[in-house]
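Just follow the structure's listing: the first ligand is 1, and inside any ligand the first atom is 1.
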Amino acid sequence: MRFLISGGQRLTGEVELAGSKSEATKLMIASLLTSEECIFENFPRIGDTKITAELCSSVGSRISQEGTILRMAAPAITNHRVTSLSRRNRIPILAIGPLLARVGQAEVPFVGGDQIGHRPVDLHLEALAALGAEVKLTNHTYQAMVRGRLRGAHIKFRFPSVGATENAVLAAVLAKGRTIISNAAVEPELIDLIKMLQKMGAIIELGANRTIYIDGVDRLRGVTHTVLPDRNEAVSFACLTLATNGRVLVRQAQQEHLITFLNALRRIGGEYEVVKEGIIFYRNRPLSGIEIETDCHPGFMTDWQQPFTALLTQANGISVVHETIYEDRFGYTEDLNRMGANIHVFSKCLGELNCRFNGQGCRHSAVIHGPTPLRAVNHEMRDLRAGMVNVIGALIADGQSVISGIEEIDRGYQDIDERLRKLGADIKRVE
Ligand code: EPU
C-alpha cells in the first residue's frame, strides 16, 4: 500500500486522538493476569494491537472489538508456548510474567520493533530472574518457568526502561511478597497501566525518586478501563499543523502529558490554547530554531523528536536535537535531506550533558539549518515515526510524493489518511 500526497495545503479544523498505542498493547497483556473479563474503552484499531491480539488469542484470550470498545477474557491459559510472531513488535516479552503467574511456564518469541538502536532486553531478563523466573533463550524464543510462585525482590534498574519496568510490574503483582523497583520509568501510559492493575486488585505504591512498591496479591479480577489518548499522535498533529501553517483543534490532547513539548513548541514560535475539548495549535510568528534533548518522562520524549525535527526544517536558524534514549534514531533525516532539508548528524553529544552514548560513535545528535523549502520525493517508510516524518515532509513539499510501506505508520496511527483528509490534506491510499 502507498500514500499519494500532494503538499501545500494548510491543515485546519478538528481531529480526535485515538487511544494510545503504547498503553493499549500493555493493557491487553495485563488482561492475561486474570481469568475474568477486561473491557477497554477508547481502544485504537492499529497494527500493533492486532499483533498483540494474535499473541493473546494464541494463549487463550477471547477478544472482540466493537467501535472503540475491546473486550478480552482468558478464562484459562490454553497454551503457554507462542512460537510464531517473532520480531513483529516489542510486546511478547511482557507476557512472561502473566503466563508464569497463571500456569508456571511461558515461551514467547524474541522481540522486534523499529530499527532505532540495539534495543537489548537485558533489564527485562534481569528483573524476571530477580523475581525467581528461570529464563532460557532458544533460537527464536524466551523459555521461562518458575517453581511455585514468583517471589518479590528489589529490582534496581541501571536505566529507567519503559518496557523493563512494565515487565517487572506485570510479573510482581501476583508474586509472593514485596517488590521494590528502583529507577523505574514513570511514563503516563505506565502509570495508567498501574491504575488499571490497582482497580483489578493489585497493591502498588508510587514512591518518590522513580520507586515503585508492589505487595503481591493472590488473584486479580476483571476491570473496565479507558485507554489514555495517544500523546504521540497529539504531538504529530501539532507538528503537522505548524509545518503547514494551519490551525487545528486536537480533541482529547491533554496538557498534563505534553508539558515539555508545549514549552518547546512555544519557544520556536508555535502557539496553543488549552480548551475544554483539547488543545488548539497554530503559529504565532515565524518559527525559530531551538536546542532540545530527548529524555525519559517528564523530559522531551524520544518519539516526539522525529515530527519535531521535520518541523524544525521550517524554522529560521540553527536547531540542535540530542537524542539520548536511542543510539540510532536519525535515519529518517536522510529522507528529509533528499527532499531539500539541511540536516547533519553527529556522533558527539551536542547537548548540555554527555549522555550514555558519548564516545561510542553512535550518530545521535542532529543539527538542522532552516528554513529549507522541501520538494516532493518518493519514499519507503523506514519505521512508524519515520513514516510520520515522510508524511509531514510530503504535506509541506511542492508536488506529489509517493510513500510506500505505509503498514509502518498503520502500526501506530489509526486511519491517519482519513483524519488528515478531514483537515484538508491531499492524501490518497492506493494499492
Ligand atoms: N534498554 C536496555 N535494556 C533493556 C531495555 C531497554 O538497554 O532491557 C534501552 C533501550 O535499548 C533504549 C532505552 O533503554 O536505548 C529505552 O528503551 P525502553 O525500554 O524505555 O523502550 P521500550 O519499552 O522498548 C517504549 C515504546 C517506544 C518508546 C520508548 C521510550 C512501546 C512498544 N514502545 O519502548 O515507542 O520510544 O518506550 O519511551 O511501548 C514508538 O512508539 O515509536 C516507540 C519506539
**Prompt:** So, for F308 and F300, is the gap between ring centers shorter than 6.0 Å?
**Reply:** yes
**Q305, portion touching ligand 1 at heavy-atom distance under 4.0 Å** = neither
**Request:** Quick one: look up the protein heavy atom nearest atom 39 (O) of ligand 1 and list residue, atom name and how far away it is.
**Result:** K26 NZ, 2.8 Å
**Message:** What protein heavy atom lies closest to atom 43 (C) of ligand 1? Include the residue and the distance to one decimal.
**Reply:** D303 OD1, 3.5 Å
**Message:** Checking Q143 against T138: is there a side-chain donor and acceptor pair closer than 3.5 Å?
**Reply:** no
**Prompt:** In the protein, what heavy atom is nearest to atom 24 (O) of ligand 1, and what distance, to one decimal place, separates them?
**Reply:** R90 NE, 3.1 Å
**Message:** Among all the protein's non-hydrogen atoms, which is closest to atom 12 (C) of ligand 1, and how far away is it?
**Reply:** I325 O, 3.4 Å
**Message:** Among K21, Q414, Q252, R419, which residue satisfies the side-chain hydrogen bond (donor to acceptor under 3.5 Å, both in side chains) criterion with E233?
**Reply:** R419
**CA sep, side-chain torsions, deciding dist, call: T52, T49, side chain to side chain donor-acceptor pair (under 3.5 Å)** = CA-CA 5 Å; T52 311; T49 54; over 6 Å; no
**Asked** Taking the non-hydrogen atoms of E126, is any one of them nearer than 4.0 angstrom to ligand 1?
**Response** no
**Request:** Run through K26, R231, H257, H297 and flag the one making a side-chain hydrogen bond (donor to acceptor under 3.5 Å, both in side chains) with E189.
**Result:** R231
**Residue M301 vicinity, atoms of ligand 1 by number, heavy atom under 4.0 Å** = 38 (O)
**Request:** Starting from atom 42 (O) of ligand 1, find the nearest protein heavy-atom neighbour and note its residue, name and distance.
**Result:** R385 NE, 2.8 Å
**Asked** Looking only at N/O atoms, are V162 and ligand 1 under 3.5 Å apart anywhere?
**Response** yes
**Asked** Counting N and O atoms only, with roles assigned by atom type, does the side chain of N79 sit under 3.5 Å from a partner on the main chain of S58, one being a donor and the other an acceptor?
**Response** yes
**Message:** Working note: S347 + H364, criterion side chain to side chain donor-acceptor pair (under 3.5 Å); need CA distance, chi angles, decisive distance, verdict.
**Reply:** CA-CA 6 Å; S347 55; H364 70 294; over 6 Å; no
**Request:** Kindly confirm or rule out a cation-pi arrangement of R363 over F346, judged by NZ or CZ under 6.0 Å from the six-membered ring centre and within 45° of its axis?
**Result:** no
**Fill in**
Ranked by distance from atom 26 (C) of ligand 1, the top protein heavy atom is S22 OG, 4.4 Å
**Side-chain donor-acceptor pair present, H154, S182, cut-off under 3.5 Å** = yes
**Prompt:** Where is the nearest protein heavy atom to atom 22 (P) of ligand 1: which residue, which atom, and how far?
**Reply:** Y326 OH, 4.0 Å
**Item:** Sub-3.5 Å N/O-N/O distance, T302 and ligand 1
**Value:** no
**Asked** Which atoms of ligand 1 sit under 4.0 Å from any heavy atom of K21?
**Response** 40 (C), 41 (O)
**Asked** Would N337 and H344 count as having a side-chain donor-acceptor pair, cut-off 3.5 Å?
**Response** no
**Request:** Check ligand 1 against F159 and write out every atom of the ligand that is under 4.0 Å from a heavy-atom position of the residue.
**Result:** 13 (C), 14 (O), 16 (C)
**Request:** With heavy atoms of V121 as the reference, note each atom of ligand 1 found under 4.0 Å away.
**Result:** 4 (C), 8 (O)
**Request:** Identify, for atom 19 (O) of ligand 1, the protein heavy atom at the shortest distance, and state residue, atom and that distance.
**Result:** S161 OG, 2.6 Å
**Request:** Determine, considering heavy atoms only, which of R119, H124, R411 sits nearest to atom 10 (C) of ligand 1.
**Result:** R119
**Fill in**
Logged contact type for H297 with ligand 1, heavy-atom cut-off 4.0 Å, is neither
**Asked** Using heavy atoms and a threshold below 4.0 Å, how should the contact between R356 and ligand 1 be classified: side chain, backbone, both, or neither?
**Response** side chain
**Request:** Verify side chain to side chain donor-acceptor pair (under 3.5 Å) between T324 and E293, making sure each step is shown before the conclusion.
**Result:** CA-CA 7 Å; T324 76; E293 203 160 59; over 6 Å; no
**Asked** Counting both backbone and side chain atoms, is some N or O of L123 under 3.5 Å from an N or O of ligand 1?
**Response** yes
**Prompt:** Should M388 be listed as contacting ligand 1, given a heavy-atom distance under 4.0 Å as the test?
**Reply:** no
**Main-chain N/O of F157 paired to N183 side chain as donor or acceptor, under 3.5 Å** = yes
**Prompt:** Counting both backbone and side chain atoms, is some N or O of G163 under 3.5 Å from an N or O of ligand 1?
**Reply:** yes
**Asked** Would you say P120 contacts ligand 1, with heavy atoms under 4.0 Å as the rule?
**Response** yes
**Asked** If only atom types and distance count, is the side chain of K199 paired as donor or acceptor with the main-chain N or O of K195 below 3.5 Å?
**Response** no
**Item:** Trace of the side chain to side chain donor-acceptor pair (under 3.5 Å) decision for Q305 with T294
**Value:** CA-CA 7 Å; Q305 61 94 343; T294 62; over 6 Å; no
